Structures are given as structure tokens and as C-alpha cells.
Amino acid sequence: MAFIDGVNRKKLRLGLLGCVAACAAQGAFAATAPGFDVGSANVAVADPAVPRPPGKSCVVELFKGFTFTDFSNHPYTYAPPIGCGKSWSKVVLEADFSVTTGRQFDRTASLWLGGANIYFGTTQEPSSTVSPSWHVERDVSDFASLLGNPQTGQAILGNVVNETYTGVISGSARLVFYPANVLAPKADAPDAVYPLSDGTDGGTVTLNTGADVLTRTFTLPTNIERAYLDVFAQGQGGDEFWYSCVPNEVADEAQSCGGGSYREVQVSIDGQPAGVAPVYPWIFTGGIDPYMWRPTPGVQTLNFLPYRVDITPFAALLNDGQPHALSIGVTGANGYFSATGNLFVYLDRGRKVLSGAVTANTLKDQPAIATVDNTLTDVSGVVGGAVATHASRSFRTSGYVDTSHGRIVTDVTQTVAFRNTQTFAIDATRYEQAIDQLSTVDSTTKTRQGRLGLAVTTETHYDFPLVASFKYSFDDAGNIVSAPSAVTQGFSRQFSKKLGGLLLYRSDVDNSIDTADTLAFSGGAVTGHSGQRSTQVFRFKDNLGSCYGRDVSTNAGVLTAATDGGGCPGARNPLLWFTHPDGSPDTSRTEDPGIF
């Protein structure tokens with residue numbers, strides 16, 4: 001019996017985790033919800049559109065009909081809308097993309113305005129028979145301070161088109177403005193935004209190692225009351241499948257990527273730790289097995305969500321009139337992560353300079369360190385056992401500022417945890433890897449104004465689960481024969497806001513997908529696939545009566561069912577128009593801070 005050597009099998013397996021260009025099949029039919037086309041191989045997701053407020057809207061086109069055939073950036077210009085004033089209840093980014101039939105990889109896409117990131121995601125892969133199109137939306141009301149003035153922007157979507165890779169990607173984007181009115185008050189938007197990007201035109205920054213940081217230095221206003229940093233960290237290259245990696249010392253034995261599986265974003269101010277963000281395991285539409293993501297891609301794949309870090313406890317430091325360096329790094333980065341961020345600040349309009357102090361920061365004494373329990377064994381070329389990685393920290397940051405309306409004290413406590421267990425079974429005829437990963441965050445923010453004021457408390461819990469299995473079988477000559485894969489991926493968030501002991505608002509969001517497929521091989525090339533199926537489930541509800549539920553199912557590469565109302569009494573499916581997707585505690589309104 002011939003046995004393909006471990007190094008070559010490792011390269012083969014890691015290559016298969018990437019993009020495999022192939023064509024989609026046809027499938028069965030079932031009942032469907034409005035707006036879906038059962039039997040279609042086009043993109044179908046359960047995610048809701050951004051809820052809209054009542055009233056007339058104004059549209060500003062950012063670009064139309066851009067084609068992306070190389071790695072050049074595509075600039076555009078923006079001017080504020082005419083006839084919509086400068087007071088808006090909501091601003092929504094809408095973008096539409098498509099790619100022609102043929103062979104093409106998934107590509108990363110991002111949109112920028114005034115150097116700030118307003119969209120980040122990936123593209124859907126085409127097939128030789130299907131030219132997919134998709135629509136994305138994002139609430140960009142937080143960028144109102146930018147949108148009140150003319151700006152330059154750019155679309156970045158690097159693509160290769162030649163005799164081999166023939167899929168041409170096209171796109172258009174616009175901003176939809178909803179003027180504030182009696183029924184739809186002005187959004188509580190930040191007073192300013194400061195981009196952490198690659199220059200004045202925008203762009204992500206590459207972090208190749210855990211020591212690399214994206215740093216931008218700002219001299220900020222001296223009257224900041226609240227400050228939040230929205231963070232994106234997207235794995236690319238060797239880090240595209242970071243959740244499947246093991247420590248370097250066992251990488252060859254496990255025939256897997258090295259560097260370990262622990263990834264976490266570190267936020268610092270002037271080199272001082274100031275916050276933490278978990279890394280979401282986004283899976284590209286060509287990742288692992290592209291058939292699994294046709295026609296329904298992974299959770300957030302087409303439209304990433306940033307993670308919001310509350311750095312309000314450091315407002316007094318930022319208010320001192322001196323330059324301050326804000327940095328983003330990724331613990332465990334191993335070539336590489338694309339990173340960017342946006343700093344949002346709220347100002348005290350009644351006072352030009354705010355005094356205060358940072359009173360606690362226990363994070364600086366807790367480095368990001370994971371423990372690894374390795375039980376891998378290798379007996380005569382038969383490898384078995386597991387590699388388990390764990391990390392957990394609890395910390396507190398606290399500070400106050402003396403404002404025109406009294407002293408405001410902000411206290412943030414968080415527990416962040418990560419676990420990843422990978423089980424292996426490797427011999428001459430098989431390579432099996434099972435991944436069970438979970439990132440969690442428990443965050444509580446208490447804000448008190450004045451000595452006698454009631455505390456406003458927000459509590460948020462996040463779960464980022466990922467369960468995956470890859471199984472590769474080999475024939476006697478060491479050639480791969482089949483590769484069944486399965487993935488269950490989720491995003492869960494519970495949010496509540498209280499005034500003293502009175503519940504003001506509570507919401508729950510769950511977005512998950514369960515998918516599987518088996519690739520068939522001959523002569524080292526993909527010759528077909530079987531057993532493709534997936535189900536995406538999206539649930540949202542809050543204590544104000546808003547409820548949304550949608551289930552989307554696929555089989556053999558086409559949509560088989562899309563049903564609405566799941567989890568909603570009486571099959572209701574409304575979303576309150578003021579549902580706000582920024583993930584932050586909001587001390588002035590009760591809307592939900594994040595389904596997008």
C-alpha cells in the first residue's frame with residue numbers, strides 16, 4: 001500500500017480548504033416565502049434587510065456599474081443629499097454585486113468614505129452555469145458627521161480576470177437618507193468618526209504576526225463624553241482557516257497549519273491595553289468546499305459585522321489635548337489578518353474641555369495567553385488524539401468625566417473566553433479533523449450621572465460557535481478519493497438595558513447555518529460532489545414586540561424552501577424601524593444595538 005507523505009498531504013488538504021472552482025447542480029422544489037425563488041441557484045440568505053423609518057427618503061448614488069477585473073482601486077465622490085436636510089433618522093448603505101459565469105475565486109470587498117470603512121465582506125463564487133447576484137445593506141447612521149460634507153471614497157475589490165479566471169465582478173452602491181420627523185426622530189449619531197485605515201482614502205492594514213499593530217495617532221476634541229471603537233479583523237492567507245491551525249510543534253504530525261488556533265483582537269491606547277474583541281470565524285464562499293455555500297453562504301460572509309469596543313472609561317485620557325495612538329493587533333496572527341476600525345466619539349456641546357480620570361484598568365495586567373492540552377499520539381504512522389486550546393480573562397476598566405450636566409462615571413466589566421478542540425484520526429487511507437470552537441463575551445457597562453443619579457446598565461452576551469469536520473479518504477496509491485465536510489456556524493447575542501432595576505430594553509439575535517457536502521476526486525482533481533444541503537436560521541425578538549424569523553433551506557445547490565415567522569407568535573415578522581445595528585450601549589434610546 002502506497003502512502004502519500006505527510007508534507008504533501010498537508011499541502012493538498014490545506015489547498016482543498018481554499019477555493020475549488022466547480023459548477024452547481026439542480027434540485028427539487030418546495031413552497032417559499034415572498035421574494036425567494038425556489039429552485040434557483042442564486043444567492044439566498046435568511047438575514048433581514050435593514051428596517052426603515054417612515055417618511056420620504058433621498059438617494060445618493062456612490063457608484064454604478066463598476067467592474068472589477070484587476071487589483072486597482074475604484075474611486076468615487078460623494079455630496080450630501082439635496083432636499084433631505086442634515087438631520088436624519090437613519091442612513092442606509094445599499095450595494096448590489098454580481099459575477100459572471102465561469103471560474104473565479106471569492107474576493108474580499110470593501111467600501112470607504114472619507115477614509116472610513118462603511119462596508120466589508122466577501123463575494124459569492126460563480127460556477128460555469130450560474131452567475132450569482134446578491135444585495136447587502138448596512139445601517140451607516142453613525143457616519144452622519146462624515147455624510148454632512150462632501151467626501152471622496154473608493155471601492156476596493158481585487159480580482160483577476162484572464163483565460164483561466166473568467167468571472168467578472170460588477171457592483172453598484174448608494175446611500176438612502178431618511179429625514180428626521182415627528183415619528184422618526186434624529187438618530188443619536190456620534191459627533192465625529194476617526195478612521196483607523198490605510199491612509200486618507202481608506203483600506204485595510206495587513207497584520208502578519210501577533211506583534212504587528214495597526215496604529216493611528218489622533219489629536220481629539222477635549223470634550224469627549226463617550227467613545228467606541230468598531231473593529232474588523234479578517235483572516236487571509238495562512239490565517240483564512242486559523243481555527244483549524246495547531247501549535248507549530250505538532251503541525252507536521254497533525255498535517256495542519258501552524259501558529260495555533262487562538263486569535264483575539266487587542267485594542268490599546270498609547271500602548272496601554274484598553275479593550276478586547278473576539279475574532280469571528282468568517283468562512284469565504286470558496287472555503288473548505290464551495291458547494292456548501294451555494295446558494296447560501298456562511299454567517300455574515302457577504303456582510304461582516306464589526307465588534308464594538310467601549311473605550312469610554314478612557315475619555316479623560318483622550319480629552320487632554322495631546323496626540324494619542326490607538327492600536328489594533330491580533331494575538332496569534334500568522335500571515336495574515338486584514339484589519340481596520342472606526343473610532344466614534346460623542347461630545348459635550350455645553351463645555352469645551354472636560355476633566356476626569358481613568359480610575360481602573362485591570363486588563364493591562366492580564367496578557368492574552370492560551371493554554372494547550374496536547375494528547376496527539378503517533379504510533380507507526382497512525383496519528384490520533386486531540387489538541388485543546390483554552391483562554392479566558394475577566395477585567396474591568398473604569399473612568400469618569402466632569403461634564404456640563406454633571407459627573408459621568410463609566411464602569412465596564414468583561415469576561416472573554418475562547419476554546420478550540422481539534423480531534424485527529426490520520427493513517428494511510430484517511431485524514432479526519434473535527435473542530436469544536438467557541439468564543440464568548442460577557443460584558444456589563446454601568447453609567448451613572450451625578451452622585452444621586454440612577455445607574456444605566458447594559459449587559460451583552462456573545463456566542464460565536466463553530467463546529468466543523470473534514471474527512472479525506474485516499475486509495476492504495478495515496479490519491480484522494482472523496483472529501484465529505486460539514487460545518488455548523490453561529491452568531492448569538494443577547495442584549496439588555498436597565499435604568500436602576502427597570503428593564504428598558506431587551507433583544508435576542510441568533511443567526512446560524514448548518515451545511516454539508518462531499519467532494520469526489522479523480523486523478524487529484526475534483527470531478528463532482530454529492531449530498532449538498534444547508535439550512536440557515538435567523539431569529540430576532542425584543543421586549544417591544546418586534547419579531548423576525550426566517551428559515552432558508554437548500555439542496556443540491558438550489559433553494560428548496562424559505563419560510564417566514566419562525567419563533568414569532570402568530571407568524572408575525574415585523575422589525576421596528578429604529579432597530580439600530582451598532583452594537584453599542586445607547587444611553588438616550590431603547591432600540592436594539594445590533595442585528596447588523
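Remember, it's a predicted structure, so these values are computed and weren't measured experimentally. Both backbone and side-chain heavy atoms feed into the values below; hydrogens, waters and symmetry mates do not.
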- Test side chain to side chain contact (heavy atoms under 4.5 Å, CB included) applied to D37 and L559, step by step: CA-CA 7 Å; D37 184 10; L559 178 68; 5.6 Å; no
- Message: I need the single residue from W242, F337, Y336 that forms a side chain to side chain contact (heavy atoms under 4.5 Å, CB included) with Q236. Which is it?
- Response: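 Of the listed residues W242, F337, Y336, the side chain to side chain contact (heavy atoms under 4.5 Å, CB included) partner of Q236 is Y336.
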- Test applied, side chain to side chain contact (heavy atoms under 4.5 Å, CB included); reference residue, I283; option that passes from T515, L466, I513, D106: L466
With no hydrogens and no angle check, just 3.5 Å: does a side-chain donor-acceptor pair link [X] and [Y]?
X: T122; Y: T301; value: no
X: T460; Y: S443; value: no
X: Q104; Y: N159; value: yes
X: D239; Y: Q234; value: no
X: D517; Y: Q532; value: no
X: T535; Y: D551; value: no

Main-chain N/O of [Y] paired to [X] side chain as donor or acceptor, under 3.5 Å:
X: T166; Y: R103; value: yes
X: Q433; Y: Q422; value: no
X: D463; Y: P465; value: no
X: R263; Y: G332; value: yes
X: Q489; Y: V299; value: yes
X: T67; Y: S170; value: no
X: N420; Y: Y243; value: yes
X: H461; Y: T440; value: no
X: T204; Y: T340; value: no
X: N117; Y: N342; value: no

- Message: Walk me through whether F105 and Y165 qualify under ring-ring contact (aromatic ring centres under 6.0 Å, His included).
- Response: CA-CA 8 Å; F105 290 136; Y165 301 106; 4.8 Å; yes
In the structure I gave you, are the side-chain heavy atoms of [X] and [Y] within less than 4.5 Å of one another anywhere?
X: L111; Y: V136; value: no
X: D289; Y: F470; value: no
X: T101; Y: S131; value: yes
X: R419; Y: D436; value: yes
X: L62; Y: R174; value: no
X: V160; Y: R107; value: yes
X: P132; Y: N42; value: yes
X: V279; Y: S439; value: no

Which pair of non-hydrogen atoms, one from [X] and one from [Y], has the smallest distance, and what is that distance?
X: I328; Y: V265; answer: CG2-CG1, 3.6 Å
X: Y307; Y: A277; answer: CD2-CB, 3.4 Å
X: W282; Y: A233; answer: CZ3-O, 3.4 Å
X: V487; Y: M292; answer: CG2-CE, 3.9 Å
X: E264; Y: Y262; answer: OE1-OH, 3.1 Å
X: A46; Y: Q536; answer: N-OE1, 2.7 Å

Which class fits the ring pair [X] and [Y]: parallel under 30°, tilted 30 to 60°, perpendicular over 60°?
X: H529; Y: Y291; result: parallel
X: F97; Y: F68; result: tilted
X: F464; Y: Y280; result: perpendicular

- List the steps and the verdict of side chain to side chain contact (heavy atoms under 4.5 Å, CB included) for L302 and D47. CA-CA 11 Å; L302 302 179; D47 307 60; over 6 Å; no
- Item | Pair D139 + R52, salt bridge at N-O below 4.0 Å | no
- Do R533 and D514 sit within salt-bridge range, that is, some charged N less than 4.0 Å from a carboxylate O? yes
- Message: With side chain to side chain contact (heavy atoms under 4.5 Å, CB included) as the criterion, how do V537 and D510 come out once you've worked through the C-alpha distance, each side chain's angles and the decisive distance to 0.1 Å?
- Response: CA-CA 8 Å; V537 176; D510 286 287; over 6 Å; no
- Starting from the C-alpha separation in whole Å, work towards a yes-or-no answer on side chain to side chain donor-acceptor pair (under 3.5 Å) for S482 and S473. CA-CA 6 Å; S482 67; S473 62; 2.8 Å; yes
- Decide yes or no on side chain to side chain donor-acceptor pair (under 3.5 Å) for T518 and S530, but give the supporting numbers first. CA-CA 5 Å; T518 297; S530 61; 4.7 Å; no
- Query: Should Q494 and S492 be marked as a side chain to side chain donor-acceptor pair (under 3.5 Å) after you check the CA-CA gap, both sets of side-chain angles, and the distance that decides it?
  - Reply: CA-CA 7 Å; Q494 294 82 46; S492 175; 2.8 Å; yes
When rounded to the nearest 0.5 angstrom, what distance separates [atom1] in [X] from [atom2] in [Y]?
X: S110; Y: Y119; atom1: OG; atom2: OH; value: 9.0 Å
X: Q437; Y: T389; atom1: CD; atom2: OG1; value: 9.0 Å
X: F63; Y: S172; atom1: CZ; atom2: OG; value: 6.5 Å
X: T285; Y: R294; atom1: OG1; atom2: CZ; value: 8.0 Å
X: T560; Y: N555; atom1: OG1; atom2: CG; value: 6.0 Å
X: E94; Y: R138; atom1: CD; atom2: CZ; value: 13.5 Å

- Pair V526-F521, side chain to side chain contact (heavy atoms under 4.5 Å, CB included): steps then yes or no: CA-CA 4 Å; V526 176; F521 291 80; 3.5 Å; yes
